[in-house]
2 protein chains.
Amino acid sequence: MALVTTLPLTDVTECCAPLTRETLSAHNAEKLAKTLKALADPARLRLVSMVAAHDDAEACVCDLTEPLGLGQPTVSHHLKVLVDAGILTREKRGTWAYYRLVPGALDSLASLLVTA
Amino acid sequence: MALVTTLPLTDVTECCAPLTRETLSAHNAEKLAKTLKALADPARLRLVSMVAAHDDAEACVCDLTEPLGLGQPTVSHHLKVLVDAGILTREKRGTWAYYRLVPGALDSLASLLVTA
DNA sequence: GTACTATATCGATGAATGTCAATATAAGCA
DNA sequence: TGCTTATATTGACATTCATCGATATAGTAC
């Protein structure tokens, strides 16, 4: 159960052929939908975007709260969703928690959507 | 208003740079999230997959209901969501409604996620 | 130890959503 | 006209979810 939440995107990435290649099984559809749902929120899309564009390609919660215009608990919640989905990583250094893009995560996801 | 629902994906496609290229505006995040939400459902992912894999790359509701295991009104609902998102097209021929992938729709979406 | 800061978690609430049964619409055919 | 089939729409219900305020945890400095 712990593994399911720590390695979901990697799993999705290798789970199935591109969407339009062959019919998706119910099980794989469930897994892919979970990952897409993690991204399918305006606040989370902006978080991913802001983290990627930030200096050193990492950002702490304090960097993100104000420009996002949402409360700290809400931002922490969204970041957790993205980490659980395998899109971001979290590293705690001192008092701060730094978030980074998981290399290749978005690309793998994109490759599942592509038709060619 | 009618245009907003008939051309949303095209709009999204041309709206913004890839997610990780520059920080997404609140407005563009909203639009991209809407499109991703349309895909972020297991039933709809399977519908897209089944339509693409079907003979002649098109399928009517009656082809999809039974393999999906959902009721006809539910399937019609999901298909409408996908059409409104610009991912599928609907063409009525006689009694039947045929659904097809919008060429390039998924690819455009994928190109917004890619980091390279 | 206390005080302060950064972050995470909890609990509640309102909004959005997936599903179904029932009904409506529309097209084809006797 | 009526009958049948395919699809869409409506209304209801249960569930999920985004957000917030309050609180808990953890780390740093004094």
Side-chain angles (χ1 to χ4, degrees), chain A residues 2 5-6 26 29-48 50-51 54 58-85 87-100, chain B residues 2 5-6 8 24 26 29-48 50-51 54 58-85 87-100:
Chain A
T5 56
T6 50
E30 199 86 40
K31 292 200 293 181
L32 181 50
K34 238 172 230 168
T35 306
L36 283 171
K37 249 188 243 278
L39 263 186
D41 178 272
R44 290 196 287 269
L45 284 172
R46 295 190 75 199
L47 282 174
V48 169
M50 291 164 70
V51 166
H54 202 267
E58 69 175 12
C60 62
V61 183
C62 60
D63 293 324
L64 305 167
T65 304
E66 187 266 337
L68 236 196
L70 293 175
Q72 174 266 319
T74 304
V75 173
S76 271
H77 164 68
H78 285 309
L79 289 168
K80 177 175 165 45
V81 171
L82 289 167
V83 169
D84 288 346
I87 296 167
L88 296 184
T89 56
R90 189 188 101 112
E91 183 197 354
K92 188 140 194 196
R93 294 205 302 272
T95 315
W96 292 269
Y98 291 92
Y99 290 86
R100 286 182 166 278
Chain B
T5 57
T6 51
L24 209 57
E30 199 86 41
K31 292 200 293 181
L32 181 50
K34 238 174 229 166
T35 307
L36 283 171
K37 249 189 244 276
L39 264 187
D41 177 271
R44 290 196 286 269
L45 284 172
R46 296 191 74 199
L47 282 173
V48 169
M50 292 164 69
V51 166
H54 203 266
E58 68 175 13
C60 62
V61 182
C62 59
D63 293 323
L64 305 167
T65 303
E66 188 264 338
L68 236 197
L70 292 175
Q72 173 266 317
T74 303
V75 174
S76 272
H77 163 67
H78 285 308
L79 288 168
K80 178 176 165 44
V81 171
L82 289 167
V83 170
D84 287 347
I87 296 167
L88 296 183
T89 57
R90 189 187 99 111
E91 183 197 354
K92 188 142 195 195
R93 294 204 302 271
T95 315
W96 292 270
Y98 293 92
Y99 291 86
R100 286 181 166 277

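In what follows, chains are A, B, ... by sequence order, proteins preceding strands, each numbered from 1.
- Heavy-atom minimum distance, B/A29 versus A/R46: CB-CG, 3.4 Å.
- Between the P atom of D/dA18 and the CG atom of B/L36 lies a distance of 13 Å, rounded to the nearest Å.
- Atom pair A/L79:CG and C/dA8:C1' shows a separation of 11 Å (rounding to whole Å applied).
- A 4.5 Å side-chain heavy-atom check between A/H54 and A/D63 finds at least one atom pair inside the cut-off.
- The nearest pair of heavy atoms linking B/A85 to B/T35 is O-CG2, 4.4 Å.
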Tabulate atom names and distances for all N/O pairs under 3.5 angstrom spanning the protein and nucleotides 15-18 of chain C.
unit_1, atom_1, unit_2, atom_2, d
C/dG18, OP1, B/R44, NH2, 2.8
C/dG18, OP2, B/R44, NH1, 3.4

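- Judged as a salt bridge (charged side-chain N to carboxylate O under 4.0 Å, His left out), and not counting sequence neighbours, A/E30 has no contacts.
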Between the protein and nucleotides 5-7 of chain D, are there any N/O to N/O pairs under 3.5 Å, and if so, what are the atom names and distances?
unit_1, atom_1, unit_2, atom_2, d
D/dT7, OP1, B/V61, N, 3.4
D/dT7, OP1, B/A97, N, 3.4
D/dT7, OP2, B/C62, N, 2.9
D/dT7, O3', B/R90, NH1, 3.4

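- Atom CG of A/L45 and atom C1' of D/dA18 are 14 Å apart (whole Å).
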Using a 3.5 Å cut-off and no angle test, enumerate the donor-acceptor pairs between side-chain atoms of residues 64-80 of chain A and protein atoms at least two apart in sequence or in another chain.
unit_1, atom_1, unit_2, atom_2, d
A/T65, OG1, A/V61, O, 3.0
A/Q72, NE2, A/S76, OG, 3.4
A/H78, ND1, A/R44, NH1, 3.0
A/K80, NZ, A/D84, OD2, 3.3

- Can you check side-chain contact (heavy atoms from CB on, under 4.5 Å) on A/L88 and A/R100, steps first, answer last? CA-CA 5 Å; A/L88 296 184; A/R100 286 182 166 278; over 6 Å; no

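- Here the shortest heavy-atom pairing between A/A38 and A/L82 reads O-CD2, 3.7 Å.
- One can place CG of B/L64 at 11 Å from P of D/dA8, the figure rounded to the nearest angstrom.
- For the pair B/L88 CG and D/dA8 P, the computed distance is 12 Å after rounding to whole Å.
- A/K80 places its NZ atom 15 Å from the C1' atom of D/dC17, with the value rounded to the nearest Å.
- For the pair B/R93 CZ and C/dG28 P, the computed distance is 12 Å after rounding to whole Å.
- Taking every heavy atom of both residues into account, A/L45 and B/A33 meet most closely at CD1-N, 3.5 Å.
- Distance, A/R46 CZ to D/dA18 P: 16 Å, rounded to whole Å.
- Every residue meeting the side chain to side chain contact (heavy atoms under 4.5 Å, CB included) condition with B/R90, not counting sequence neighbours, appears here in chain and number order: B/V83, B/K92, B/A97, B/Y99.
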